[in-house]
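Because only heavy atoms are used, hydrogens play no part in the values below, and waters and symmetry mates are left out as well, while side chains stay in. Numbering of residues begins at 1 and proceeds along the displayed sequence. Keep in mind the model is a prediction, meaning the values are calculated, not measured.
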Amino acid sequence: MVRINEILDQVNSYMPDADTGLIQKAYIYSAKVHAGQTRLSGEPYLSHPLATAFILAQLKLDVASIAAGLLHDTIEDTLTTYEELQEMFGSDVAEIVDGVTKISQIEFQSKIHKQAENIRKMILAMSKDIRVLLVKLADRLHNMRTLNFQREEKQVKIARETLDIYAPLASRLGIDWIKRELEDLSFSYIHPAEYEALSKEVEARLGQRKAYVEEVKEIISRKMAEYGLSCHVLGRPKHLFSIFRKMRRRNVTLDEIYDLIAFRIILNTPKECYEALGIVHSVWKPVPGRFKDYISLPKANMYQSLHTTVIGPYGERMEIQIRTEEMDRIASEGIAAHWLYKEGKVVQKEQAKQFDWLTQLMEWQKELEDPREFLESVRMDLFPNEVYVLTPDGEIKEFPSGATPVDFAYAIHTEVGHHCAGAKVNGRMVPLKYQLQNGDVVEIITSKHHVPSRDWLKIAKTSRARARIRQWIKTEEREKSLALGRELCAKEFRKRRIDFNEFLKSEAAAEIASAFSFQNIEDLMIAVGYGKISPTQIAGKLERSDEQAKEPEPAGITQEESRQHGAGSQGVLIHGHDDIMIHLGKCCTPVPGDEVIGYITRGRGVTVHRANCPNVANLDPERQIEVKWDIKQEGGYPVRLAVTTADQKGMLAAVSNAISAAEANIIEAKVTTSPDQRANFTFTVEVSDSSHLRKVMSGIRKVDGVLRVERTNSG
């Protein structure tokens, strides 16, 4: 358990003149209000705020942040009020604690609409004071360190939330050591078998390569000294999750990962960094396309370094990073390396650039109504892989990897994007689907006759461009759908000898629109044009008597009404729709318990996808519909599982027995082997719901020799 004196000593090490009285006062108050409370580990609850405050002191934050760390759970877990904290510790501390409390109350594992709203709340909380997020990261890091005391189901839930939300946020703030620790801790709970196996393999290999590491360090130090450069050389293994992610992304084994160890050369000035790069390339041959200059083009989180991959001793690839002492400190501490609140300092222009992504998120949370579009923009802004290009005037623009001239055009101005007719890159015409590369000089050619195409959504990568394109298409299609909806309804009304024009002017039109959950008749006609509502439903509703109108009726998409379907329902309910054929997506094979989304297809009813199905991102949001599982309906659902095992006798029988023991039926099985002594199985099994699926996967993982089990898409 961390003691208050350790926190004070840490603070005094980087702020010798700090007034630590506020920290001591916060400690005494926290101890008082948390008295008698314990953690699941059995330790006094005070151990958690103390550990949180110590992490903040390791980040070298200001006194107010550390005091807030000691108090961060007082509003949520004790009778303390915001007003009491404000009176005793000042507005700064009270605001931070209140912001952390609001983030802590957010439930991320929820339906997509609620999830989007929760992330909006988190962005609002941390945008008021970025220290809110820093305290929350410290709180989450200590909770992850002690996660073993939670029950297994909660461990996985918290670890997944950490990997999806908090590790990327730590990365965006440039706090590398917290990002790496959060990722590795999450990995150990989400994929425990893979973590344990990889941990042992990596540890064994690193033990064998100690002599190799020392040899490389000695060669680098000697060569630098020959050219009069004083440096410090480090050789450290990459963290486990980054290795695991690379193995999955490239579909390779650990034997095929050559750069387990990254070497780092620390020098005094940027000039020396470039000199050192030349020396390294004169000693070892560089790998083409593997050099990155983040000194002249820093990352958005202020990270600076030179990266190169070379063919080192014994013909093996090795990664080398070259940076100054200051760059190394920023790479580790991120925003805390230039803390903006110390000694009353205000935000400097060059330091404020790292908050651009937060400003962008604030813009999207205000503008984007569709929750999927908003979550898409968040994912893009939290998981960037930057490409830096230039305008003809030399201004640098940053884009995610895979960005195209369409993204560049919308980054300049919305109207430039809307009328983008072509692009020149480095003086040459390129297609709009061209992927921008570092250092490209991009010029956009516009024409008032050119307008956005739905195909642009397939090539645009930035949330800004995609949102603007969708907005334009929505406006254009709204007019077309309105005209089409009126035409279809007029035709249906003529069949029934009803005057459609008189209907539009009548009070009945507004009543029917309201019954279908639309604000006005125009929105109802647009829904008909989109195919969400049929003209038959509208005409039929108009013809029913007052008595019949009181009966529950198939309507538009409503939150109140749900109706079960017949043989084609697949155990799925669609809000307010009747007589619609339902298909389960073959690409992602959803099962009861999965979060799902429906997509209205032309002439084929509704296809149900898992919400995280890759194909959903390419679907027209206007044709997406809320669906839910009918938990009363029983049946079997096919799911594909990918199982990797050691290539040894009897594995197929052992895994098949485990599936049978979990009361699941095997529909199909395929087996392949690889040169690395691994066997790869693909099973299609029939399960009743997601809980049954977890039981099946858990049973397979317990089989001796099984290395990995995961659900996979079928296409």
What residues form a side chain to side chain contact (heavy atoms under 4.5 Å, CB included) with Glu43, not counting sequence neighbours? Met1, Ser41, Ser47
Pairs touching residues 23-32 that satisfy side-chain hydrogen bond (donor to acceptor under 3.5 Å, both in side chains), sequence neighbours left out: Tyr29-Thr80
Less than 3.5 Å apart, any donor N or O on the side chain of Asp9 or Asn5 sitting next to an acceptor on the other? no
Side chain to side chain contact (heavy atoms under 4.5 Å, CB included) partners of Ile28, counting only residues at least two apart: none
For the residue pair Thr146 / Arg39, report whether a side-chain donor-acceptor contact shorter than 3.5 Å exists. yes
Partner residues of Arg248 under the salt bridge (Lys or Arg N to Asp or Glu O under 4.0 Å) criterion, sequence neighbours left out: Glu710
Do the side chains of Arg464 and Asp407 get close enough for a salt bridge, i.e. N-O under 4.0 angstrom? no
Only counting residues at least two apart or in another chain, list the ones meeting side chain to side chain contact (heavy atoms under 4.5 Å, CB included) with Gln471. Arg468
In chain order, what residues pass the salt bridge (Lys or Arg N to Asp or Glu O under 4.0 Å) check against Arg701, with sequence neighbours excluded? none
Which residues satisfy the salt bridge (Lys or Arg N to Asp or Glu O under 4.0 Å) test with Glu84, sequence neighbours excluded? none
Tyr82 and Glu95 side chains, donor-acceptor separation under 3.5 Å: yes
Below 6.0 angstrom between ring centroids: does that apply to Phe244 and His191? yes
Val156: side chain to side chain contact (heavy atoms under 4.5 Å, CB included) partners, not counting sequence neighbours: none
Going by salt bridge (Lys or Arg N to Asp or Glu O under 4.0 Å), name the residues that satisfy it together with Lys702, two or more places apart in sequence or in a different chain. none
Taking only residues two or more places apart in sequence, or in another chain, which ones meet His239 in a ring pair (Phe, Tyr, Trp, His ring centres under 6.0 Å)? none
Answer with yes or no whether the side chains of Ser65 and Asp62 bring together a donor and an acceptor at under 3.5 Å. yes
Which pairs count as salt bridge (Lys or Arg N to Asp or Glu O under 4.0 Å) when at least one residue sits in residues 176-188, sequence neighbours excluded? Arg145-Glu181, Asp176-Arg180, Glu183-Arg245
So, Lys157 and Glu153, do they make that salt bridge, N to O below 4.0 Å? no
For His692, ring pair (Phe, Tyr, Trp, His ring centres under 6.0 Å) partners two or more places apart: none
